[in-house]
Amino acid sequence: MSKSSKRIMLVAGESSGDQHAANLFLELKKRLPTVQGIGMGSKKMAQAGIELQYDSSNIGVIGVVEVIKRYGEIRHALNRMKQLLLDQRPDLLICVDYKEFNFKLAGFAKKHGIKVLFYVSPQIWAWRPGRVVKYGKVIDMMAVIFPFEVPFYEKENVSVRYVGHPSVDKVRAQRSIDDDLALYNLSADAPIIGILPGSRTDEINRMLPIMLKAAEIIQQAKPGTQFVLPQADTVSDELLQNSFQHSNIKVQAINNQFYDVVQCCDAVMTVSGTATLEIALLKVPMLVAYKLSFITYLLARVLVNIEFIGLPNIVVGKSVVQEFIQQEASPKNLAQEILHILDDNAYVESIKGDLQLVKEKIGTGGGSENMAELALEMLA
């Protein structure tokens, strides 16, 4: 590879993608110190030294109705990124998740002769498997994070590389559980329940009130239960306070220490997403709850062809942790499942045994390092 400086553009639209892109760029800089990074993302990418041209904090939404509400802003961001591609002509565009947005951007880049590496495959095995061919036309390489995704692309002759799941390496607490309990002023003698309402504004507004009502039921059944909320740095205090002020439950929000907070928990209430996999890797029992707008839910019923929404269940191929979707995601149901976990040791052991299977199924780590090597190959 030429010693002249290479420029890559990284585009992420959500909290997990922001983290993946940051980790990848830091690994790439170790191998190619002169590399320059530009693009769209949030705090983690900025901290990694990527020059952000657009802050994606406000456009990480899920669901048809939610996208329509933010359509103007999302379209503005997409136009900004297209213009940046033309102005800067990067040596490589790395699209990180955020599938619909990045699909359009990848197509634009390809049309203008810019190489495209797509990182974190859209879950095409769940949403419209036929889209594999369409993605193949707009990318040069698909980097997948689950081994079982490879055959979907190979079958359609789309260039694909299994790089490993980035969470396998980074899911580690910084301190011992005892040190964390002391630091957070938590008692080991009373249950500790984690509340994870998501990282997007819409999902927090929809799910946090339900989880707080469930917490009230749990508190009545087990007085003294402690509640903690690992707060992503993309989530503002004000957003959480909107829900906290309508609840009489005391919840300790702890910023930016996800793994340390989760390892202290006896059980966790979480929305679907990457968090479910990270909780599984920490072997903490959980339930997965999710509510979409009614229209989005109806569309999902038609388009999605998988049995589960929680990654631990998808990876293992069976119900490892309980899922509560739409009307089933009620405070009463969530509270009953958490109390079941707290009261039944045999149940907890069976969940933990299955969570160990999740770890085995997603394979080896090295996701960020493997991605950096792949990016290096494509820059050559």
Between Glu216 and Lys213, does any NZ, NE, NH1 or NH2 come within less than 4.0 Å of an OD or OE carboxylate oxygen? no

For Lys82, what residues pass the salt bridge (Lys or Arg N to Asp or Glu O under 4.0 Å) criterion, not counting sequence neighbours? none

The criterion is side-chain contact (heavy atoms from CB on, under 4.5 Å); which residues satisfy it with Leu92, sequence neighbours excluded? Ile8, Ile94, Lys115, Leu117, Ala375, Met378, Leu379

Going through the checks in order, is the side-chain hydrogen bond (donor to acceptor under 3.5 Å, both in side chains) test met by Gln241 and Asp237? CA-CA 6 Å; Gln241 289 307 324; Asp237 294 339; over 6 Å; no

Evaluate the side-chain proximity of Val321 to Leu355: yes if any heavy-atom separation is below 4.5 Å, no if none is. yes

Where Lys29 and Ala48 come nearest, the two heavy atoms and their spacing: CD-O, 4.5 Å

How long is the straight-line distance from CG of Leu86 back to NE2 of His112, given to the nearest 0.5 Å? 5.0 Å

side-chain hydrogen bond (donor to acceptor under 3.5 Å, both in side chains) for Asp178 and Ser176? Distances and angles first, verdict last. CA-CA 5 Å; Asp178 287 343; Ser176 70; 5.4 Å; no

Strictly by modelled atom types, are Lys99 and Tyr135 linked by a side-chain donor-acceptor pair under 3.5 Å? no

Closest heavy-atom pair, Pro197 versus Leu229, reported as atoms and distance to 0.1 Å, is CD-CD1, 3.9 Å

Are there over 12 heavy-atom neighbours, none belonging to Asn185, within less than 6.0 Å of that residue's CG? no

I want to check something: taking the side chain as every heavy atom from C-beta on, are Ser121 and Phe152 in contact at a cut-off of under 4.5 Å? no

Side chains of Ser247 and Phe227: closer than 4.5 Å at any heavy-atom pair? no

Can you check side chain to side chain contact (heavy atoms under 4.5 Å, CB included) on Leu277 and Phe146, steps first, answer last? CA-CA 12 Å; Leu277 200 64; Phe146 295 111; 4.0 Å; yes

Is any side-chain heavy atom of Val138 closer than 4.5 Å to a side-chain heavy atom of Val116? no

Mind listing the closest non-hydrogen atom pair of Val235 and Gln231 along with its distance? O-NE2, 2.8 Å

Given side chain to side chain contact (heavy atoms under 4.5 Å, CB included), test Leu10 with Tyr119 step by step and report yes or no. CA-CA 10 Å; Leu10 301 105; Tyr119 181 28; over 6 Å; no

Hydrophobic cluster partners of Tyr184 (side-chain heavy atoms under 4.5 Å): Ile177, Leu181, Leu183, Leu186, Ile192, Val228, Ile254, Val261

Measure from the side-chain N and O atoms of Glu278 to the backbone N and O of Val171, and report whether any donor-acceptor pair falls under 3.5 Å. no

Set of salt bridge (Lys or Arg N to Asp or Glu O under 4.0 Å) partners for Lys283, sequence neighbours left out: none

Considering only heavy atoms from C-beta outward, does the side chain of Leu208 approach that of Ile195 to under 4.5 Å? yes

Find the distance between NZ (Lys104) and CZ (Arg75) and round it off to the nearest 0.5 Å. 10.5 Å

Are Met286 and Ile217 grouped together when hydrophobic residues (ILVMFWY) are joined by side-chain heavy atoms under 4.5 angstrom apart? no

Quick one: closest heavy-atom pair of Ala214 and Met269, and the distance? CB-SD, 3.9 Å

By salt bridge (Lys or Arg N to Asp or Glu O under 4.0 Å), which residues pair with Arg7, not counting sequence neighbours? none

Counting N and O atoms only, with roles assigned by atom type, does the side chain of Ser5 sit under 3.5 Å from a partner on the main chain of Thr34, one being a donor and the other an acceptor? yes

Begin with the C-alpha distance, continue with both residues' side-chain angles, and end with the deciding distance and a verdict on salt bridge (charged side-chain N to carboxylate O under 4.0 Å, His left out) for Asp260 and Arg175. CA-CA 7 Å; Asp260 283 86; Arg175 295 170 293 271; 3.8 Å; yes

Distance alone, cut at 3.5 Å: any donor-acceptor contact between the side chains of Gln19 and Asn23? yes

Parallel, tilted or perpendicular: ring planes of His20 versus His165, cut at 30 and 60 degrees: perpendicular

Got a salt bridge between Glu373 and Arg161, using NZ or NE/NH1/NH2 to carboxylate O under 4.0 Å? no

Would you say the side chain of Ile218 lies within less than 4.5 Å of the side chain of Leu334, judging by non-hydrogen atoms? no

Would you please say whether a donor-acceptor pair under 3.5 Å links the side chains of Tyr290 and Glu323? no

Looking only at heavy atoms, which two atoms of Ala106 and Ile139 are closest? And how far apart? CB-CG2, 4.4 Å

Interatomic spacing from CG in Leu196 to CD1 in Ile204 - rounded to 0.5 Å: 10.0 Å

Hey, what's the ring geometry for His340 with Tyr347, parallel, tilted or perpendicular (30° and 60° as the breaks)? parallel

Restricting to side-chain contact (heavy atoms from CB on, under 4.5 Å), what partner residues turn up for Asn102, sequence neighbours left out? Val11, Cys95, Tyr98, Leu105, Phe118

Go through Leu357 and Val320 one step at a time and tell me if the side chain to side chain contact (heavy atoms under 4.5 Å, CB included) criterion holds. CA-CA 9 Å; Leu357 277 180; Val320 171; over 6 Å; no

Should Tyr54 and His76 be marked as a side chain to side chain contact (heavy atoms under 4.5 Å, CB included) after you check the CA-CA gap, both sets of side-chain angles, and the distance that decides it? CA-CA 10 Å; Tyr54 198 92; His76 174 60; 3.7 Å; yes

Side-chain (Glu203) to main-chain (Ser199) donor-acceptor, under 3.5 angstrom: yes

Between Pro90 and Leu85, is there a side-chain heavy-atom distance shorter than 4.5 Å? yes

Under a 3.5 Å threshold, yes or no: a donor from one side chain and an acceptor from the other, between Asp179 and Gln174? no

Between Ile50 and Phe25, the two heavy atoms sitting closest are CG1-CD2, 3.5 Å

Could you tell me whether the side chain of Asp97 and the main chain of Gly17 form a donor-acceptor pair under 3.5 Å? no

State, with a plain yes or no, whether a side-chain heavy atom of Val251 is found less than 4.5 Å away from one of Leu240. no

